[in-house]
Amino acid sequence: MAFTTLPEHDDLGAVVPPKARLALYGHEAAFAELIRARSEKRLHHAWLLQGPRGIGKATAAFAFARLLLNARTADGEGATASFFSEDPVIRQIATDAHPGLIHVTRAAQERGSGFRTQITVEEVRRLARFFHATGASDSYRIAIVDPADDMNRNAANALLKMLEEPPDRALFLIVNHTPGRLLPTIRSRCRALRFDPLDPLTLDRTLAAIAPTLSDQERQAMVGASEGSVRRALVMEEHGGIEIVDALEPLLDADRPDWNGIAALADQLTLKGREASFDLAIDSILSTIAKASVAAVDAGDGARAARFAALWQSESARIREAIAYNLDRKQVLLTLYDAYHAAAADRFESA
């Protein structure tokens, strides 16, 4: 059964959003930890669902919320959790109408189209009104913050205050892509729950469930290039991501920057309407930097690993700021490319 859901900033065309998905695939260990904490009556009031973007953290948060709000479960083949679409609880959650659940994410712009670039303090303050309005209920009152990475400082401080003095039977499920984006005081008041990228079989099964119009061949191509992320796979399929990765690979592997090549690619990716393609290129370079750090760790080169880790952190922060202030996207890409080659220059010192 299909639900009519309100638009959100990270919607992917006709793909069902996490709040309306009837099944969770993968993440068995993380989800089992939540179930175990509930059954042993030690459910902490705040959980950080941490891991790369697009791998199913929000889907897991909504699935657990359904269980706490007594939605009917189903036997979904290969699913970690599955639910009946006819259950009224499922429909209420999918349409933002359940009195026991609030979803805090980036709000729509007050004027015109589109969404805000951050979760503002006004959105977090909705939580206070929500908990006050549902204060007489004996069931759990659940707030899903998705993702916490998008909160500005005022919003983060407002959330921290609630975590310090949580309302009775409140549960915060806080989605977090990058731990370094959160205030340490927020992290210290939550239980961290690690989510890893999906393995190829689980990713293929998830894609088949939420994007049934894809062919087997299309899914396999997406699985091979998406690094265990459902979202990355879907965005790549829609916006030519495989071609972008193929174009970037020789530019990143070159022994010196190919300025003509990267400039030509940047010109294409910064055309109007290609924002998602530009984001894929940025993500691909950042992923290459992260992999370089991991490879250096495996090789026992701590200094090189730290250099790439610091580069990933600094460039991620710079890119977020550039996007927030609508700075020149071509220059953002060129600067990232230059920074990567500067950090990787020692690959060729012994050549």
Side-chain angles (χ1 to χ4, degrees), residues 5-10 17-20 34 37-38 41-50 57-71 89 91-111 114-179 181-193 324:
T5 58
L6 295 175
E8 293 182 349
H9 73 94
D10 55 354
K19 63 184 176 183
L34 289 169
R38 175 200 184 192
K41 301 187 184 304
R42 57 177 182 83
L43 189 61
H44 193 67
H45 72 277
W47 293 73
L48 276 181
L49 282 60
Q50 295 184 319
K57 302 185 299 297
T59 302
F62 279 103
F64 187 56
R66 293 188 192 103
L67 291 179
L68 293 181
L69 297 173
N70 301 313
V89 171
R91 176 177 291 279
Q92 285 179 314
I93 290 175
T95 57
D96 301 305
H98 197 287
L101 175 66
I102 184 171
H103 182 206
V104 175
T105 189
R106 283 160 47 187
Q109 296 281 10
E110 293 182 359
R111 297 181 179 178
F115 294 84
R116 293 182 177 180
T117 60
Q118 297 177 317
I119 296 175
T120 64
V121 68
E122 288 80 8
E123 289 303 304
V124 175
R125 285 172 179 164
R126 291 173 54 219
L127 293 176
R129 298 192 293 272
F130 164 75
F131 287 123
H132 177 75
T134 58
S137 174
D138 291 331
S139 62
Y140 280 100
R141 297 166 294 158
I142 305 165
I144 296 177
V145 182
D146 173 30
D149 308 55
D150 287 349
M151 291 188 298
N152 62 27
R153 180 162 290 275
N154 288 337
N157 286 329
L159 178 62
L160 173 61
K161 186 174 182 180
M162 292 188 184
L163 296 179
E164 290 174 335
E165 301 177 6
D168 186 42
R169 294 188 66 76
L171 176 67
F172 295 84
L173 299 174
I174 303 172
V175 176
N176 177 214
H177 308 321
T178 308
R181 293 293 311 277
L182 289 182
L183 294 174
T185 44
I186 288 181
R187 294 200 304 268
S188 69
R189 284 161 175 79
C190 300
R191 282 195 59 178
L193 197 58

Test of understanding: with salt bridge (charged side-chain N to carboxylate O under 4.0 Å, His left out), list the residues that count as partners of [X], not counting sequence neighbours.
X: Arg181; answer: none
X: Arg38; answer: none
X: Arg42; answer: Glu33, Glu40
X: Glu165; answer: none

Working to the nearest 0.5 Å, report the span between [atom1] of [X] and [atom2] of [Y].
X: Ser139; Y: Leu69; atom1: OG; atom2: CG; result: 6.5 Å
X: His98; Y: Arg91; atom1: NE2; atom2: CZ; result: 13.5 Å
X: Arg66; Y: Gln92; atom1: CZ; atom2: CD; result: 12.5 Å
X: Tyr140; Y: Leu101; atom1: OH; atom2: CG; result: 14.5 Å

Side chain [X], main chain [Y], donor-acceptor under 3.5 Å:
X: Arg189; Y: Ala46; answer: no
X: Arg187; Y: Leu182; answer: yes
X: Thr5; Y: Ala94; answer: no
X: Asp149; Y: His177; answer: yes

Quiz item: Is Leu127 close to Ile102 at the side-chain level, that is, under 4.5 Å between some pair of heavy atoms?
Solution: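 Yes, close enough: below the 4.5 Å cut-off.
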Quiz item: Do the non-hydrogen side-chain atoms of Ile186 and Met151 ever get within less than 4.5 Å of each other?
Solution: yes
Practice problem: Sequence neighbours left out, what passes ring pair (Phe, Tyr, Trp, His ring centres under 6.0 Å) with Phe64? Give chain and number order. | Solution: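 Testing Phe64 for ring pair (Phe, Tyr, Trp, His ring centres under 6.0 Å), a comparison that skips the adjacent residues, returns none.
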Could you pull out all residues at least two apart from [X] that satisfy side-chain hydrogen bond (donor to acceptor under 3.5 Å, both in side chains)?
X: His45; value: none
X: His44; value: none
X: Asp150; value: none
X: Thr120; value: Arg116, Glu122

Quiz item: So does Arg191 have more than 12 non-hydrogen atoms from other groups sitting under 6.0 Å from CZ?
Solution: yes
Which heavy-atom pair separates [X] from [Y] by the least distance, and what is that distance?
X: Cys190; Y: Leu48; answer: CB-CG, 3.7 Å
X: Phe115; Y: Arg106; answer: CD2-O, 3.8 Å
X: Asp146; Y: Ala58; answer: OD2-CB, 3.8 Å
X: Trp47; Y: Ala37; answer: CZ2-CB, 3.8 Å

Quiz item: With a 6.0 Å cut-off on ring centres, are Phe131 and Phe172 close enough?
Solution: yes
Going by atom type alone, with no hydrogens or angles, which donor-acceptor pairs under 3.5 Å involve a side-chain atom of residues 152-163 and a protein atom two or more places apart or on another chain?
residue : atom : partner : partner atom : Å
Asn152  : OD1  : Asn154  : N            : 3.3
Asn152  : OD1  : Ala155  : N            : 2.8
Asn157  : ND2  : Arg153  : O            : 3.3

Practice problem: Would you list the pairs meeting salt bridge (charged side-chain N to carboxylate O under 4.0 Å, His left out) in which at least one residue belongs to residues 92-103, sequence neighbours left out? | Solution: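 Checked against salt bridge (charged side-chain N to carboxylate O under 4.0 Å, His left out) - neighbours excluded - the pairs reaching residues 92-103 are Lys19-Asp96.
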Practice problem: Please test Asn70 against Val89 for side-chain contact (heavy atoms from CB on, under 4.5 Å), starting from the C-alpha separation and ending with a verdict. | Solution: CA-CA 8 Å; Asn70 301 313; Val89 171; 5.7 Å; no
Practice problem: Return the set of residues passing side chain to side chain contact (heavy atoms under 4.5 Å, CB included) with Ala61 (not counting sequence neighbours), or none when no residue passes. | Solution: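 Partners of Ala61 by the side chain to side chain contact (heavy atoms under 4.5 Å, CB included) criterion, ordered by chain and then number, come out as Leu49, Ile144, Leu173.
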